[in-house]
There are 2 protein chains.
Amino acid sequence: MSARGRPRRFDRTAALRVAMELFWEHGYEGTSLSMLTDAIGITSTSLYAAFGSKGELFREAVDLYNSADWSPTDSALETSPTARQAIERMLRDNADAYVDPHTPRGCMVVLAGLNLTSANEYIGHRLAALRRRDHDKVVARLDRGVAEGDIPPGTDTAAMASYYLTVLHGLSIQARDGCSRELAHTVIDRAMLTWDALIRQPDHEVVAGDPPRSGGG
Amino acid sequence: MSARGRPRRFDRTAALRVAMELFWEHGYEGTSLSMLTDAIGITSTSLYAAFGSKGELFREAVDLYNSADWSPTDSALETSPTARQAIERMLRDNADAYVDPHTPRGCMVVLAGLNLTSANEYIGHRLAALRRRDHDKVVARLDRGVAEGDIPPGTDTAAMASYYLTVLHGLSIQARDGCSRELAHTVIDRAMLTWDALIRQPDHEVVAGDPPRSGGG
DNA sequence: CCAATTATGTATCGATCGATACATAATTAT
DNA sequence: ATAATTATGTATCGATCGATACATAATTGG
C-alpha cells in the first residue's frame with residue numbers, strides 16, 4: 001500500500017484500538033491529546049500525521065467500536081430466528097460486553113459524548129444519530145416479527161423498541177457503577193417479562209419465544 | 001447574616017441555580033469557568049469568593065439538584081401507600097422532570113460525571129455514591145412493601161430495584177435523545193408490566209397496586 | 001547517487017483551562 | 001472619622017488544551 005516514504009514505526013491499528021479504549025472510558029473531551037500520545041507511545045506529530053485531528057481519530061474509533069467484532073447488536077438482531085430471541089440476545093450479548101473486564105464498562109456510543117463543550121456538540125449529535133440508527137434497527141426487527149407471525153399485528157413496535165433500548169442504555173450506567181454480570185442478566189430477565197406480558201395477548205396465539213432465563217448463561 | 005463588609009452585588013442562590021443548569025447540561029468538565037461567569041454575569045474573582053472553587057460549586061449544585069424541590073424520588077418513595085405505587089410514581093415523576101422543557105434533559109446525577117479526566121475522577125465517584133444511595137432507598141422501600149404485605153416474602157428486592165433503576169437511568173439517555181413525555185410514560189407502562197408478572201405469583205395474593213396507566217398523566 | 005515521498009523529533013504556537021495577586025469600593029463596628 | 005471586613009475589577013498566573021512549523025531520518029522510484 002504505502003510503499004513510498006519512511007515507514008511508520010508504530011502499528012496504526014493497535015494505536016486506534018488504544019485510542020478507542022481511552023475515548024470509551026473517558027469520553028471525547030475527557031480524553032486529551034497527551035493521554036492519547038502517552039498511551040500509544042508516539043508524539044503528537046505522528047498522531048496528527050496518521051489520523052488528521054482529534055475529531056477524525058474519534059470518528060475512526062467509533063467506527064472501530066461499531067464494527068462487527070465489537071458491536072453484537074447487528075448479529076443478534078439478524079441471526080436470531082424469532083423477534084423475542086433477537087431482543088433477548090441483543091440485550092444479553094451487549095450486557096456481556098458492557099461488563100467485560102478486558103474493555104471499559106458500558107457502551108461507548110452511549111457514554112462517550114455526554115459532557116461536551118458547545119464547540120464539540122457535533123460529537124454528541126453523531127453518537128445520537130448512531131443510537132437512533134440502533135432504534136430503527138430494533139423497530140425493523142420487530143416489524144419483521146409481525147410480518148413473520150411471532151408478534152401479533154397491531155403491536156406498537158416503536159414503543160417496544162424504545163422500552164428495550166431504554167433498558168439497554170440503562171445497563172451502560174449500571175455497568176459503569178460496577179454491577180456484576182449476573183445482576184445485569186437478572187435485570188434482563190425482568191425486562192423480558194414485559195415481552196411475555198404484552199405479546200401473549202388473550203386473543204392472539206404465541207408462535208415462538210423461549211422461556212425466560214433465570215441466571216444468565 | 002453577612003452584615004460586615006461590602007454587600008454582594010449578585011444573587012448567590014440564583015447564581016447557583018444557573019451553575020446547576022450548566023453542569024446539568026454540559027457535565028462537570030464540559031462546563032468551563034468562563035461559561036459559568038458569562039452565564040451568571042460575574043467575574044471569576046466574585047465566583048471564587050462566593051463558592052471557593054469549581055469543585056465546591058459543583059458540589060453545591062448537586063446538593064441543590066438533590067434537594068426536595070428538584071428530586072421527586074424521595075417524596076415518591078416515602079408518600080406512596082404501596083410499593084408498586086412508589087416505584088411507578090418514582091419513574092413517572094422523574095420522567096416528567098427529565099423532559100421538562102424548563103430544565104436540561106435527563107438526570108444530572110446520571111449524566112454530569114461520565115466524561116472525566118483522571119484528575120477529576122472523584123466527581124464521578126461522588127455521583128456514583130448518590131446513585132448507590134438511590135438504589136438503597138428503593139430496596140428499602142421494596143423491603144417495606146414486603147413487611148407490609150403488598151410484596152410476597154422471598155421476592156428479590158435488590159434485583160427488582162436494580163431493574164427499575166436501570167429503566168430510570170436509561171430514561172435519562174432517552175430524554176437526552178429528545179424522546180417525548182408520552183413515549184417516556186409508554187416505556188414506563190411496559191416497565192410496570194414486569195411488576196405484575198413477578199409479584200402476582202400464583203400462590204400469593206396481590207394486596208394493592210393500581211392498573212398500569214396507558215398514556216401518562 | 002539523486003530526487004521524491006513519508007514519518008519522526010524538537011520545539012512551540014495561540015487559546016483556554018482553573019485559579020489568584022493586588023488594588024479599590026462599599027459596608028459595619030467602634 | 002477610622003479600622004476592620006467583605007466584595008469587586010483588572011490583570012494575569014502557570015498549566016494544559018488541540019494543533020503545527022521546521023528540520024531531519026528513512027524509505028522508494030528513477
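These numbers come from the heavy atoms of this one structure, side chains and all, not from hydrogens, waters or symmetry mates. Order of the sequence lines fixes the chain letters, A, B, ..., with proteins taken first and strands second; residue numbering starts at 1 for each chain.
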Atom pair distance, as rounded to whole Å: CZ in A:Arg9 and P in D:dT24: 18 Å

Main-chain N/O of A:Leu77 paired with A:Ser80 side-chain donor or acceptor, under 3.5 Å: no

Identify the nucleotide, in any strand shown, that forms a Watson-Crick or G-U wobble pair with C:dT5, with both distances under 3.5 Å; if there is none, say none. D:dA26

Rounded to whole Å, CD1 of B:Ile40 lies from P of D:dG9 at a distance of 14 Å

Hey, what's the ring geometry for A:Tyr65 with A:Trp24, parallel, tilted or perpendicular (30° and 60° as the breaks)? perpendicular

At their closest point, which heavy atom of A:Gly145 faces which heavy atom of A:Ala83, and how far apart are they? CA-CB, 4.1 Å

Residue among B:Lys137, B:Arg133, B:Arg141 satisfying salt bridge (charged side-chain N to carboxylate O under 4.0 Å, His left out) with B:Asp74: B:Lys137

Verify the contact: side-chain N or O of B:Ser46 to OP1 or OP2 of D:dT8, cut-off strictly under 4.0 Å; return yes or no. yes

Is it the case that the side chain of B:Tyr163 and the backbone of A:Thr186 share a donor-acceptor pair, with hydrogens and angles ignored and the cut-off at 3.5 Å? no

Taking any heavy-atom pair under 4.0 Å as a contact, classify B:Phe51: base, sugar-phosphate, or nothing. nothing

Would the distance check show the side chain of A:Ser53 and the main-chain N or O of A:Glu56 forming a donor-acceptor pair, the cut-off being under 3.5 Å? yes

Polar atom pairs between nucleotides 15-19 of chain C and protein, under 3.5 Å, N or O only, would you list them?
unit_1	atom_1	unit_2	atom_2	d
C:dC17	OP1	B:Ser32	OG	3.0
C:dC17	OP2	B:Ser34	OG	3.1
C:dG18	OP1	B:Thr31	O	3.4
C:dG18	OP1	B:Lys54	NZ	2.6
C:dG18	OP2	B:Leu33	N	2.5
C:dA19	OP2	B:Tyr48	OH	2.5
C:dA19	OP2	B:Lys54	N	3.0
C:dA19	O5'	B:Tyr48	OH	3.0

Does atom CZ of B:Arg144 have more than 12 heavy-atom neighbours, drawn from other residues, nucleotides or ligands, at distances under 6.0 Å? yes

Between the protein and nucleotides 26-30 of chain D, which nitrogen or oxygen pairs come in under 3.5 angstrom?
none

Considering every strand shown, what is the Watson-Crick or G-U wobble mate of D:dC13 when both distances are under 3.5 Å? C:dG18

Distance to the ring centre below 6.0 angstrom and angle to the axis at most 45 degrees; does that hold for A:Arg8 and A:Phe10? yes

